[in-house]
Amino acid sequence: METTIKSDRVTHSPNRITKYNAQEIEMKWQSRWEADKLYRTDLEQTDNKYYFVTMYPYPSGDLHIGHWYAMAPSDVKARYLRMRGKNVFFPMGFDAFGLPAENAAIKRGIHPNTWTLQNIANMERQMRTMGASFDWEREVITCDPRYYKWNQWFFIQMFKRGLAYKKKQAVDWCPKDQTVLAREQVVGPDRLCERCDTPVIKKDLEQWFLKITAYAEELLDFSGIDWPEKVKTLQTNWIGRSEGVQFTMQVADRDETFDVFTTRQDTVFGMSFAVLAPEHHLVDLITTPERRAEVEDYVFKTRRETEIDRMSTEKVRDGVFTGAYAINPMNGERVPIWIADYVLTTYGTGAIMGVPAHDERDFDFAKRYGLDIHVVIAPANWNGEPLSAAYTEPGTMVNSGEFNGLDSETAKARIADYMEEKGIGKSTVNYRLRDWLISRQRYWGTPIPIVYCEEHGIVPVPEEELPVVLPLEGVEFQPTGLSPLTYHEEFPYAKCPIDGNPARRETDTMDAFVDSSWYWYGYLDPYNAERVINPELVKRWTPVDQYTGGVEHAVLHLLYARFWTKVMRDIGLVQYDEPFLKLFNQGTILTNGMRMSKSRGNVVSPDSYVESLGADTVRVYLMFIGPWDQGGDWDDSGIGGAHRWLQRVWTLVLDAPNGKEKIPAATDEQVKILRRVMHQTIQRVGSDIEAFKFNTAVAALMEFTNALSRAKESAWYPNAVWGEAIRSLLLMLAPSAPHIAEEMWERLGGTYSIHQQSWPQYDPNAAAEEKFTLVVQVNGKVRGKIELPVDVSEEVAKAAALNEENAKRYLEGRTPAQVIYVPKKLVNVVVR
RNA sequence: GCCGAGGUGGCGGAAUUGGCAGACGCGCAAGCCUUAGGAGCUUGUGCCCAUCACAGGGCGUGCGGGUUCGAGUCCCGCUCUCGGCACCA
């Protein structure tokens, strides 16, 4: 030990050191790192590769505090992993197609391309002020033809495989944005447009879909990926798998049949009516002349209702009788066929069996129209009285022919088998998931590479002619309900790739979620003209090791991305099933409980904080305010605390001795304690960052700073010991506050760059405590505390506890009934 | 209605397998320093009682029960907040 070395070290003298000037330091290091290409990843070097992606932003114009909240902690983790020896690839790009650009064009007369590129330039500048370690050389901007060319290529591959198809159906239309939307982009019970909160309406339109439903079953399988339960649940519910049977019903006295789907085949003997969706094709055919007027009125009414504001829709279950009857295939009974809008065309077969006794909706409907209610599953202790509500629980089968007496769960399986045997129906799985509608009647997106020929119909553009370039000139942006490209002078006029005759080009563009479905493959080989992906790099670097982003994309981007990768697998581009091995969802920063958005005008800019306090302070504060996955309302009242801490670190590290006041040399014990705290901190900070617990990682660093300050005031430490502690502090600070850490590192004579150093080595022996505080409880209440060596025996600990002054007062005259000993924790003395 | 997450000081939030509740920070208070400070430093700070005493005591993690030597943590029943879904047969 070197504790005998004389000290001339003294308490601090803040006047002697340079003031912490965040702006100056940050600008200096940002340009240095950039000049030195510090964060350019060597993709050829794949030992210890780690592909870390954080969701790329939409270039709305300004990087707000919410972007920082998403990106800065990701950057911290990327930096940390590099120090742990990983070859981290941490790219960034822009989700550059989409509506806001076009809306800006309409509102302010600026071209969407200009608007987008200006915004990107500004946001890149802002991201640099954050000090993020993105590899900008692999940037991808999705509105670049060299990128969206491959969207078109993918589309054609899917078209060839039947995974992209065009179909006319009732789709969701946003009247404000004048375009259709995917089912996933219609939110909440009021069915609002995801972008502009306008209630959507239904329109019958011919649109392009991607057949995501072909992967429904596979998308339910999350094995092999480490994703938050929440996202898995959201996706699972969204896909909405249900098992049941589909069986055929004969229309009485007619040569027509229709299929129904049910998950409750055990209740089939209780059917007392059948219901078709008003849009069902049979409605017109089977309606009897005397019912026709009423039926047509109802059909007209429902069609109108879907087009008016859905908010006013009350869930009244009404419908009308068609006059026709159907035969229950299980017992030959005739049941009336009704139509009602509570039956949806878009799910199952668009027709149901009505079993009022065992389905709430059917019960309401039957009550309203005086239809029969047959109980076929007896509740416990039921003795034949009418039900006051539908009984939907399992029970004993009654009035069900040969299935009587079985419990309904068993009967479910038996009846399914029976139906299969008799050819009545078959076991079926239904999903709520719909195919992904990707057509958009807007300009700023990837043109769909299709040509319509009078002779040959729908013809894909040959791959060698890609990209179909989105024209930048000669476009009127006013939305008309048709794509602005429709009115372009040249764009719509094409030649049929087969016969060369004049043909019409598809003028709709693709949903921007197509762009984001594969962009991380693009980073590995941006804008390659020859091939969609670089197979070598994709093989070596993907799947992505860690993905971070907001949970709002759970059933949008994150579902589409999984689908896309599975398609890529089936095309032979990748050899695995899932794009992102690990996912972490950070929370959202709100203002007054509301999401930040430019349109709401409630965005908080980090720029003024960066200017006055520095990027390092903002980064640290964002990490510190709470658990990363929690988010919360923006409140800057504590940001001064983060700044003060960095200031204290600055002083602690750089304060030079001035030789005036002597303080004692540290004892062996003090040195040991200092090193112990250091190693405990190394352990804590590392495991916290690993677990994305940035708030407690910062807290641990603050505690370490406090411990060092106290140590420095009370004793002089030998250079080796003190230097090691300070260096560890800086190394651990480096991912969180990269600029100030680099500056102090340089001033201490450290090798450039601190960001290329290794994370300090954790030594469990050095971290181990020698003593612990034994808590002495009497009847479970804390009555005293004793310091004891960690290896104390149970007997000694118990004896010490029983002898503790304050505890003794509670034990006076009484014999302990029981003495509980928890090693290294406590002794609880139980008295009666 | 269904599914999911969550209720801890004045505030943001800490708390392996049940074992010192309130780490860290904000705010607040007192003191120091300063020509001044919305700067900096030191100390204190869950609530209540008590006290010369950093003697002590009572209460305390949304509410009500339970299990246990011991519960923020486990179990049962409520309640409130937030997020998602919403006639899915």
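Chain A is the first sequence line, chain B the second, and so forth, proteins listed ahead of strands; every chain is numbered from 1. Predicted model, so just to flag it, every value in this text is computed and none were measured.
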Between [M] and [N], how far apart are the [atom1] atoms? Round to whole Å, please.
N      : M      : atom1 : value
B/rG72 : B/rG7  : C1'   : 11 Å
B/rG10 : B/rA89 : P     : 48 Å
B/rA50 : B/rG12 : C1'   : 33 Å
B/rA71 : B/rG60 : C1'   : 14 Å
B/rA14 : B/rU67 : C1'   : 27 Å
B/rU81 : B/rC75 : C1'   : 24 Å
B/rU61 : B/rC54 : P     : 27 Å
B/rC76 : B/rA21 : P     : 26 Å

Could I get the full list of side-chain hydrogen bond (donor to acceptor under 3.5 Å, both in side chains) partners for [X], not counting sequence neighbours?
X      : value
A/N779 : none
A/N806 : A/R809
A/D259 : A/Q246, A/T248

Base, sugar-phosphate, or nothing for [X], non-hydrogen atoms under 4.0 angstrom?
X      : answer
A/K785 : base
A/V343 : base
A/T346 : nothing
A/R648 : sugar-phosphate

Gap between atoms [atom1] and [atom2], on [X] and [N] respectively (whole Å):
X      : N      : atom1 : atom2 : result
A/L344 : B/rC87 : CG    : P     : 6 Å
A/D636 : B/rG27 : CG    : P     : 11 Å
A/E360 : B/rA86 : CD    : C1'   : 13 Å
A/I339 : B/rA89 : CD1   : P     : 22 Å
A/L559 : B/rC85 : CG    : P     : 13 Å
A/L646 : B/rA39 : CG    : P     : 17 Å

* On RNA chain B, nearest-nucleotide positions of A/V698 versus A/T345: which is more 5'? -> A/V698

* Taking the nucleotide of RNA chain B with the closest heavy atom to each, which residue, A/V775 or A/N706, is nearer the 5' end? -> A/V775

* Report, as yes or no, whether the 6.0 Å neighbourhood of atom NZ on A/K412 holds more than 12 heavy atoms from other residues, nucleotides or ligands. => yes

* Would you say A/R595 has more than 12 foreign heavy atoms packed within less than 6.0 Å of its CZ? -> no

* Asked: Can you tell if the side chain of A/T262 reaches within under 4.5 Å of the side chain of A/V355, non-hydrogen atoms only?
  -> no

Could you tell me if the ring centre of [X] sits under 6.0 Å from that of [Y]?
X      : Y      : answer
A/W645 : A/F624 : no
A/W628 : A/F584 : yes
A/Y20  : A/H643 : yes

* **Paired and unpaired positions of RNA chain B as dot-bracket, Watson-Crick or G-U wobble under 3.5 Å, | denoting a partner strand** => (((((((..(((......[....)))((((((.......))))))((((......))))..(((((..]....))))))))))))....

* Using a cut-off of strictly less than 4.0 Å between a heavy atom of the residue and any atom of RNA chain B, enumerate the qualifying residues of residues 681-690 of chain A by number. => none

* **Those residues that, when tested against A/F258, pass ring-ring contact (aromatic ring centres under 6.0 Å, His included) (two or more places apart)** => none

* **All ring-ring contact (aromatic ring centres under 6.0 Å, His included) counterparts of A/Y621, not counting sequence neighbours** => A/W634

* **Heavy-atom closest pair, residues A/I212 and A/D435** => N-OD1, 3.2 Å

* To do: Could you tell me whether a side-chain N or O of A/H358 sits under 3.5 Å from a main-chain N or O of A/I377, the two making a donor and an acceptor?
  => yes

* Exam field: side chain A/Q235 to backbone A/A554, donor-acceptor pair closer than 3.5 Å -> yes

For the side chain of [X], starting at C-beta, report the closest nucleotide among [options].
X      : options                : value
A/K825 : B/rG25, B/rU17, B/rA89 : B/rU17
A/R644 : B/rA86, B/rG25, B/rG27 : B/rG27
A/V187 : B/rC24, B/rC85, B/rC20 : B/rC85
A/N237 : B/rA89, B/rC24, B/rC3  : B/rC3
A/K230 : B/rG25, B/rC3, B/rG83  : B/rG83

What N/O pairs connect the protein and nucleotides 69-75 of chain B at under 3.5 Å? Give each pair on its own line.
residue : atom : partner : partner atom : Å
B/rC69  : O2'  : A/N828  : ND2          : 3.2
B/rC69  : O2   : A/N828  : ND2          : 2.5

List, one per line, each side-chain donor-acceptor pair under 3.5 Å for residues 681-688 of chain A, sequence neighbours excluded.
residue : atom : partner : partner atom : Å
A/T681  : OG1  : A/V677  : O            : 2.7
A/R684  : NH2  : A/E703  : OE2          : 3.1
A/S687  : OG   : A/Q683  : O            : 3.2
A/S687  : OG   : A/R684  : O            : 3.3
A/D688  : OD2  : A/T696  : OG1          : 3.0
A/D688  : OD2  : A/A697  : N            : 3.3

* Scan residues 343-353 of chain A for pairs that pass side chain to side chain donor-acceptor pair (under 3.5 Å), counting only residues two or more places apart or in two chains. => A/S242-A/Y347

* Asked: Between A/T773, A/V792, A/V827, A/V776, which is the residue that forms a side-chain contact (heavy atoms from CB on, under 4.5 Å) with A/I786?
  -> A/V776

* Structure fact -> Only one of A/D362, A/V343, A/D341, A/V260 passes side-chain contact (heavy atoms from CB on, under 4.5 Å) with A/V275, and that residue is A/V343

* Structure fact -> Given the 90°-from-0 boundary between syn and anti, B/rG22 should be labelled anti

All N/O contacts under 3.5 Å from nucleotides 54-59 of chain B to the protein, with atom names and distances to one decimal?
residue : atom : partner : partner atom : Å
B/rG57  : OP1  : A/R783  : NH1          : 3.2
B/rG57  : OP1  : A/N806  : ND2          : 3.2
B/rG57  : OP1  : A/Y810  : OH           : 2.5
B/rG57  : O5'  : A/Y810  : OH           : 3.4
B/rG58  : OP1  : A/R783  : NH2          : 3.2
B/rG58  : OP2  : A/R783  : NH1          : 3.1
B/rC59  : OP2  : A/K781  : NZ           : 3.3

Please list, pair by pair, any protein nitrogen or oxygen found under 3.5 Å from a nitrogen or oxygen in nucleotides 11-15 of chain B.
residue : atom : partner : partner atom : Å
B/rG12  : O2'  : A/I625  : O            : 2.5
B/rG13  : OP1  : A/Q630  : NE2          : 2.5
B/rA14  : OP1  : A/N695  : ND2          : 3.1

